[in-house]
Amino acid sequence: MNLATYVLQLMSLMNLDLTLRTEIQKAVATLFNQSVEQVQLQPTNKEFEGSHTVVCFPLTKLSRKGPEETARLIGEHLIANSGIVTRYNVVKGFLNLVIADSVWASVFESVFSNPKYGSLPANGKEMMVEYSSPNTNKPLHLGHLRNNFLGYSVAEIFKANGYKVHKVQIINDRGIHICKSMAAWQLYGNGETPDRAGVKGDKLVGKYYVEFDRNYKAQVQELIAQGVPEADAEKKAPIMKLAVEMLQRWEAKDEEIYSLWKTMNSWVYEGFDATYKRMGVDFEKLYYESNTYLLGKDEVLRGLERGVFFKKEDGSVWVDLTAEGLDQKVLLRSDGTSVYMTQDIGTAILRFLDFPKIEGQVYTVGNEQEYHFKVLFQILKKLGFAWAEKCYHLSYGMVDLPSGKMKSREGTVVDADDLMQEMVDDAEKQTRELGKIEDSSEEEIKALAEMIGLGALKFFLLKVDPKKRMLFDPNESIQLQGHTGPFIQYTHARIRSILRKAASMNISPAVENIIALEPAERELIFQLNNYTNKLQEAAREYSPAVIANFTYDLAKEYNQFYQSIPIFNEADPAKLKFRVALSKAVADLLKKSMSLLGIQVPEKM
RNA sequence: GGUCUCGUAGCUCAAUUGGAUAGAGCAGCUGCCUUCUAAGCAGCAGGUUGCUGGUUCGAUUCCAGCCGGGAUCACCA
């Protein structure tokens, strides 16, 4: 067996990058009698020949030679011994390597012949991802869309990395906020229901929340005009007194209030369910704050006994995190009741009891709560839970408007349902204008518009690094061309069209006798091969943006290939089959990676 | 004020985690549909990476100090 054959067999077991790294390590060992652990390998800049570049500056210490000489020696050695490098060039300290086309072909073969390419094998680990978790007094808005798409996508990314994932959310169904809506509804609602009003339940409850605010402000102003100090006025406004009283009666399980609360929450849930359905997100289990808000108290008291926490003179219980660089934080009020943090401690513990095999939790919550989660994880650690180390706050930036932050009180909130509808309407309008869908039914056009509109929206929100704030301009509709979801969907549809044509011509995709490749083909194989790295990186960084940008690059690359090489003009049957196979592999991977973003791709568009 | 975070082309975002001449899209300009879908492709133009220093062979990236946004520092959730 010659070297090349041996290497090709090896390729099916190892990936190309790993093989290259090993070969470089061997080269360094032989040439300089030294060992390197980390070889700096990066993609070659487009302007130079080659696909992989070894950064040789760090190796000069081992070689005791200049960077260019070091690069040249390694290059020569790889050509003589590796069996996969055919040429090289050196620019400054950068060693650019040209990989043999036969190797690329075999890399592609292993991708193409693997029906599960796109997902890593199960690793036996379990993860929990919490996302959404809205309050039940207002409808979902643009910020929630980012949250939901992020959480859903991160969960899917972990699944593709081999984890078993549990998606959950906690519903903040309790507290003064919902009592405000209840108070306003009782005062001004005249028995209005979603059915009677013809609006979604969450919208109706949201309307009364706004109504509360309006009346409350008016009442406060009136009291101030009567000479009441502002602080007093805020407490004495009759509508606020009603809401506070309702909260107390709710906590005492007063039947009338409890039933009103249940009714109004059920309206909200129905509304949310419709929105979630359209968003395409789902949850395995819902936690309700009304069930869990007392849970943390026992754990805090136990911690107090063990000396993890301390009590102040007024009876309130605190944790001291000054040694960790944080502050002191109250965990139980002087009257013995729980605070937000107390609940979160309880809920975290409950979830590990419900799902004993999870190794950690991901909390998809806005970056305004970074401090809260730092404290929470420190407390869990202090209580001795080993899994506290594996809890992660998936902190994302706000979605800002050109005018600044969205504010419900100023009416600048971008409603989730409205925005989705606008996107779908835009997509439908453009689909009809382009007129490529003559043979489609109305139903199919609607379904396609839904796919494109939501694809554009999701991609728009997910392509940005989650950690960063992002800007949304409601006056400029989200693009359907360029660096967008529809661009990728279009590329997929285009490929499917090619595959349909190939099938009708009885051309079956295959990889056989491939000796030489076009640059565009090599580039595509490179991208396909790089997917696994990106998938792992996306999980490591908790970042759907990594997948979104990879997918865009792959589609972009394919379109260049598509433009430069007319597939069916090819006379050589082996090349023809290979190009169909390459197209199929790209389409399959586009579909797979888009699904990690929660975006579907069409057969035609 | 303390802590955290961000500042890249007119606009929205990238940059393989310290690597080469900082890349895409949109907007603007120029080409390409009688050949697989023009929601596409090719090209032009657009940059003192907020500023000043430092570390390094090499800095958008790390450090320090300014300038400018944002968040947070509740017995609210």
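Reminder, nothing fancy here: chain letters follow the sequence lines and each chain counts from 1. Not measured: the values here are computed from a predicted model.
- In summary, the aromatic rings of Tyr552(A) and Phe487(A) are positioned with their centroids under 6.0 Å apart.
- For rU16(B), neither phosphate oxygen OP1 nor OP2 lies less than 4.0 angstrom from any side-chain nitrogen or oxygen of Arg540(A).
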Can you name the atoms? Protein N/O to nucleotides 40-47 of chain B N/O, anything below 3.5 Å, with the distance.
residue: rG40(B); atom: OP1; partner: Gly482(A); partner atom: N; Å: 3.1
residue: rG40(B); atom: O3'; partner: Asn559(A); partner atom: ND2; Å: 3.4
residue: rG40(B); atom: O2'; partner: Arg494(A); partner atom: NH1; Å: 2.8
residue: rG40(B); atom: O2'; partner: Arg494(A); partner atom: NH2; Å: 3.3
residue: rC41(B); atom: O4'; partner: Gln563(A); partner atom: OE1; Å: 3.2
residue: rA42(B); atom: OP1; partner: Gln560(A); partner atom: NE2; Å: 3.2

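- Residue Val464(A) has its side chain nearest to rC13(B) when only rA20(B), rU35(B), rC13(B) are considered.
- To the nearest whole angstrom, the two P atoms, one in rA22(B) and one in rU48(B), are 12 Å apart.
- Both Arg469(A) and Gln40(A) lie near RNA chain B, and the one whose nearest nucleotide falls closer to the 5' end is Gln40(A).
- When the C1' atom is compared between rG18(B) and rC57(B), the two are found 12 Å apart, to the nearest whole Å.
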Filtered N/O pairs between nucleotides 5-10 of chain B and protein, under 3.5 Å:
none

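- The side-chain ring of Phe94(A) is not stacked on the base of rG19(B), judged by centre separation under 5.5 angstrom and plane angle under 30 degrees.
- Looking at the side chain of Met470(A), the nearest of the listed nucleotides rC36(B), rA74(B), rC13(B) is rC13(B).
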**Request:** Report the C-alpha separation of Tyr371(A) and Asp327(A) in whole Å, then their side-chain angles, then the decisive distance to 0.1 Å, and conclude whether the side-chain contact (heavy atoms from CB on, under 4.5 Å) test is met.
**Result:** CA-CA 10 Å; Tyr371(A) 185 75; Asp327(A) 294 322; 3.4 Å; yes

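- In this structure, Asn147(A) CG and Leu461(A) CG are separated by 11.0 Å, a value rounded to the nearest 0.5 Å.
- Regarding the sugar-base torsion, rU17(B) falls in the syn class, its angle being within 90° of 0.
- Residue Asp327(A) is in sugar-phosphate contact alone, with no base atom involved, counting any heavy-atom pair closer than 4.0 Å across all strands shown.
- Ring geometry for Phe94(A) versus Phe57(A): interplanar angle over 60°, hence perpendicular rather than tilted (30 to 60°).
- Rounding to whole angstrom units, OH of residue Tyr558(A) and P of rA38(B) are separated by 12 Å.
- Remark: the Asn137(A) side chain and the rA77(B) base include no donor-acceptor N/O pair separated by less than 3.5 Å.
- The side chain of Lys374(A) lies closest to rC4(B), out of rG19(B), rC4(B), rA77(B).
- Here rA20(B) is the nucleotide among rA77(B), rA20(B), rG19(B) with the atom lying nearest to any side-chain atom of Val91(A).
- An OP1 or OP2 oxygen of rU21(B) is reached within less than 4.0 angstrom by a side-chain nitrogen or oxygen of Lys92(A).
- Proximity note for Arg333(A) (side chain, C-beta onward) versus rA20(B), rA77(B), rU35(B): the nearest is rA77(B).
- In this structure, His52(A) and Phe526(A) have perpendicular ring planes: the angle between them is above 60°, well past the 30° mark.
- Following rounding to the nearest Å, Lys329(A) (NZ) and rC73(B) (C1') show an atom-to-atom distance of 8 Å.
- If you take atom P in rC26(B) and the same atom in rC44(B), they sit 16 Å apart, rounded to whole Å.
- The same atom, C1', is picked in rU60(B) and in rC29(B); the two are 29 Å apart, to the nearest Å.
- Across rG43(B) and rG50(B), the matching P atoms stand 29 Å from one another, rounded to whole Å.
- Below the 3.5 angstrom threshold, one finds a donor paired with an acceptor across the side chain of Glu47(A) and the base of rU21(B).
- Phosphate contact (OP1/OP2 of rU37(B), side-chain N/O of Ser497(A), threshold under 4.0 Å): present.
- The nearest heavy atom of RNA chain B to Ser334(A) and to Ala493(A) marks one nucleotide each, and the one closer to the 5' end goes with Ala493(A).
- Rounded to whole angstrom, the span from the CG atom of Asn569(A) across to the P atom of rC36(B) amounts to 9 Å.
- Base pairing in RNA chain B gives the following stems of 3 or more Watson-Crick or G-U pairs, range against range and under 3.5 Å: B:1-7 with B:67-73, B:10-13 with B:23-26, B:28-32 with B:40-44, B:50-54 with B:62-66.
- For Asp335(A) and rC76(B), the CG to P distance is 9 Å, given to the nearest whole Å.
- Note on Pro58(A): a base of the nucleic acid sits closer than 4.0 angstrom, heavy atoms only.
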